[in-house]
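We count ligands from 1, going down the list as the structure has it; atoms in each ligand are counted the same way.
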Amino acid sequence: MDITVVGGGIGGLACAVALVKAGLPVRVLERRSSLPDAGTALGMWPNALRALDYLELGDKIRQVGVAQAEAVFRRPDGLRLARIRPRNPVVLVSRGALTRLLLDALPHGVVKTGVEVSDVDDLLVDSRVVVGADGINSVVREACFGGAYGLRYAGYAAWRGIVDGGYGPSGEILGHGAKFGVTAVEGGRTNWYAAVWSPAGTRFADRDLPELHRIFGDWCDPVGRILAATDESDIIRHDLHYVAPRLRSYVRDRVALVGDAAHAMTPDLGQGACQALEDGAVLGRCLASISDTEEALRHYDSLRRKASQRVAATARQVGRLTMRPRMAFARNALLRTGGLLMR
Ligand SMILES: Cc1cc2nc3c(=O)[nH]c(=O)nc-3n(C[C@H](O)[C@H](O)[C@H](O)COP(=O)(O)OP(=O)(O)OC[C@H]3O[C@@H](n4cnc5c(N)ncnc54)[C@H](O)[C@@H]3O)c2cc1C
């Protein structure tokens, strides 16, 4: 019987590639009519690159993406707080390019678009396993893991966009309850994101761009130039949520969760998609190497649940430290001390 993956995002496609690589039959059901061929940048950390290497796509992503060797942290007045050079560079790649690479590694017909899943029991009738890879608002989590698990608002909202051209070094500018980040992305373009501490569901009266100009207008370069180059219709806005409480298991009977469905986290470590890639690759490997389905799923849970939940908890702590207005002084002091020590 097929393994049915619900959701053709990063986690679902990674799982499907791992299963196809092992010669197992798989179908991916995706509700959208087509998969994204654009989108803002995702940082691929070494853990994600290892998962992509396992899927035999690591070299391709390194070719397509842009390696980020350092990040500079500044205050809104331009004062440098720290410059951080990770031991291994992060590879920045747009969601569209990553999706295309994963999709190209699958035989034609594996991904069925325009199919919205609402009944998991139905799928279980003719599936060996159902993989819930259906993102933060997962219907598979809701149906099979119960209503005890929900989403909690992190206390801040984020805006993202991409503009043509380069705007200097990658990094973040950190203010009181607000931050603005800049990274390169393939094609000589620049990816930006902004986050603002705000009550859930705050809607700006008019459009996003004038409000972003109001909040960030007097911040140091290149914030003003990037906002001036941004088209209102290209801005993506999210209230940021995470899954709470932590799931006690990512597996129930013949159903397993991967990615945001299992552990949606705040984006403060840039790890959500990286963890989804790891989940997908590991679940595929477990199902390929252990013939007993229940044992394979148990093994997946033991390898991925605690590890991914630790990352989610750290992301939340980093989010509080960088975003809470009353933490700004302590955060800047920490970054300056850390930056001096790393020189
Ligand atoms: C502001 C921001 C910045 C981020 N930056 C980074 C970063 O730099 N690095 C990083 O690693 N991560 C980052 N992330 C996180 C990353 O975007 C997510 O963690 C990642 O996309 C999760 O992948 P997924 O496959 O689990 O879910 P998704 O990408 O959400 O995919 C789920 C798929 O399931 C489909 N689906 C949903 N319901 C159904 C249904 N009922 N039936 C069929 N299909 C369905 C959806 O259409 C979608 O295609 C960021 C997130 C945010 C909000």
Quiz item: Among all protein non-hydrogen atoms, which one is nearest to atom 34 (O) of ligand 1, and what is the separation to 0.1 Å?
Solution: Gly7 CA, 3.2 Å
Practice problem: State the atoms of ligand 1, each with its element, that fall below the 4.0 Å cut-off from a heavy-atom position in Ile10. | Solution: 25 (O)
Quiz item: So, is Arg160 polar-close to ligand 1, with some N/O to N/O distance under 3.5 Å?
Solution: no
Quiz item: Checking Arg254 side chain against Ser127 main chain: does a donor-acceptor pair fall under 3.5 Å?
Solution: yes
Quiz item: Can you tell me if Glu186 uses its side chain to pair, donor with acceptor, with the backbone of Ser94 under 3.5 Å?
Solution: yes
Quiz item: Where do Val258 and Val5 land on the side chain to side chain contact (heavy atoms under 4.5 Å, CB included) test, with the steps shown first?
Solution: CA-CA 10 Å; Val258 300; Val5 178; over 6 Å; no
Quiz item: So between Leu42, Asp239, Leu269, whose heavy atom ends up nearest atom 14 (N) of ligand 1?
Solution: Leu42
Quiz item: Do Val311 and Val243 belong together in a cluster built from hydrophobic side chains that touch within less than 4.5 Å?
Solution: no
Quiz item: Is there at least one pair of N or O atoms, one from Cys274 and one from ligand 1, spaced under 3.5 Å apart?
Solution: yes
Quiz item: Any heavy atom of Val115 sitting closer than 4.0 Å to ligand 1?
Solution: yes
Quiz prompt | Check: Pro267 N/O within less than 3.5 Å of ligand 1 N/O | solution = no
Self-check item: Tyr300 side-chain N/O to Leu303 backbone N/O, donor-acceptor pair under 3.5 Å
Solution: no
Quiz item: Okay, side chain of Arg214, backbone of Pro210: is any donor-acceptor separation there less than 3.5 Å?
Solution: no
Quiz item: Do any nitrogen or oxygen atoms of Gly11 lie less than 3.5 angstrom from nitrogen or oxygen atoms of ligand 1?
Solution: yes
Exercise. Would you please say whether a donor-acceptor pair under 3.5 Å links the side chains of Asp268 and Thr266?
Key: yes
Quiz prompt | Winner among Ala264, Ala315, Gly43 once heavy atoms are compared against atom 8 (O) of ligand 1 | solution = Gly43
Self-check item: Identity and distance of the protein heavy atom lying nearest atom 40 (C) of ligand 1
Solution: Val117 N, 3.8 Å
Quiz item: For atom 45 (C) of ligand 1, which protein heavy atom lies nearest, and how many Å away is it?
Solution: Arg31 CG, 3.8 Å
Quiz item: Looking at atom 23 (O) of ligand 1, what's its closest protein heavy atom, distance included?
Solution: Ala276 CB, 3.9 Å
Practice problem: Give the atoms of ligand 1, by number and element, whose distance to some non-hydrogen atom of Gly135 is under 4.0 Å. | Solution: 27 (O), 30 (O), 32 (C)
Quiz item: If hydrogens are left out, which of Leu98, Asp260, Asp268 has an atom nearest to atom 19 (O) of ligand 1, that is, the closest non-hydrogen atom?
Solution: Asp260
Exercise. Starting from atom 21 (O) of ligand 1, find the nearest protein heavy-atom neighbour and note its residue, name and distance.
Key: Arg95 NH1, 2.9 Å
Quiz item: In terms of residue, atom name and distance, what is the protein heavy atom nearest to atom 12 (N) of ligand 1?
Solution: Ala273 N, 3.0 Å
Quiz item: What atoms of ligand 1 come closer than 4.0 angstrom to any heavy atom of Val6?
Solution: 42 (N), 43 (C)
Quiz item: Taking the side chain from Thr337 and the backbone from Ala333, do they hold a donor-acceptor pair closer than 3.5 Å?
Solution: yes
Quiz item: Quick one: does Gly270 get an N or O within less than 3.5 Å of an N or O on ligand 1?
Solution: yes
Exercise. Please could you name the atoms of ligand 1 that Arg32 approaches to less than 4.0 Å, counting only its heavy atoms?
Key: 47 (O), 48 (C), 49 (O)
Quiz item: Just by distance, do the side chain of Gln271 and the backbone of Ala312 share a donor-acceptor pair under 3.5 Å?
Solution: no
Quiz item: When you measure from the side chain of Thr190 to the backbone N and O of Gly165, does any donor-acceptor pair fall under 3.5 Å?
Solution: yes
Self-check item: atom 31 (O) of ligand 1: the protein heavy-atom neighbour that sits closest, reported with distance to 0.1 Å
Solution: Gly9 CA, 3.4 Å
Quiz prompt | Exam field: side chain Asn191 to backbone Val185, donor-acceptor pair closer than 3.5 Å | solution = no
Practice problem: Enumerate the atoms of ligand 1 whose separation from the nearest heavy atom of Ala133 is less than 4.0 angstrom. | Solution: 32 (C), 33 (C), 34 (O)
Self-check item: Polar side-chain atom of Asp119 near backbone of Asp121 as donor-acceptor pair, under 3.5 Å
Solution: yes
Quiz item: Just checking, any donor-acceptor pair under 3.5 angstrom between side chains of Arg160 and His238?
Solution: yes
Practice problem: With heavy atoms of Leu29 as the reference, note each atom of ligand 1 found under 4.0 Å away. | Solution: 43 (C), 44 (N)
Exercise. Please write down residue, atom name and distance for the protein heavy atom closest to atom 47 (O) of ligand 1.
Key: Glu30 OE2, 2.7 Å
Practice problem: Could you tell me which atoms of ligand 1, counted from 1 in the order shown, lie closer than 4.0 angstrom to a heavy atom of Gly259? | Solution: 26 (O)
Quiz item: Should you measure from each heavy atom of Val139, which atoms of ligand 1 turn up under 4.0 Å away?
Solution: 41 (N)
Quiz item: Any donor-acceptor pair under 3.5 Å linking the side chain of Arg331 with the backbone of Thr322?
Solution: yes
Quiz prompt | Geometric class of the Phe180/Phe216 ring pair [parallel <30°, tilted 30-60°, perpendicular >60°] | solution = perpendicular
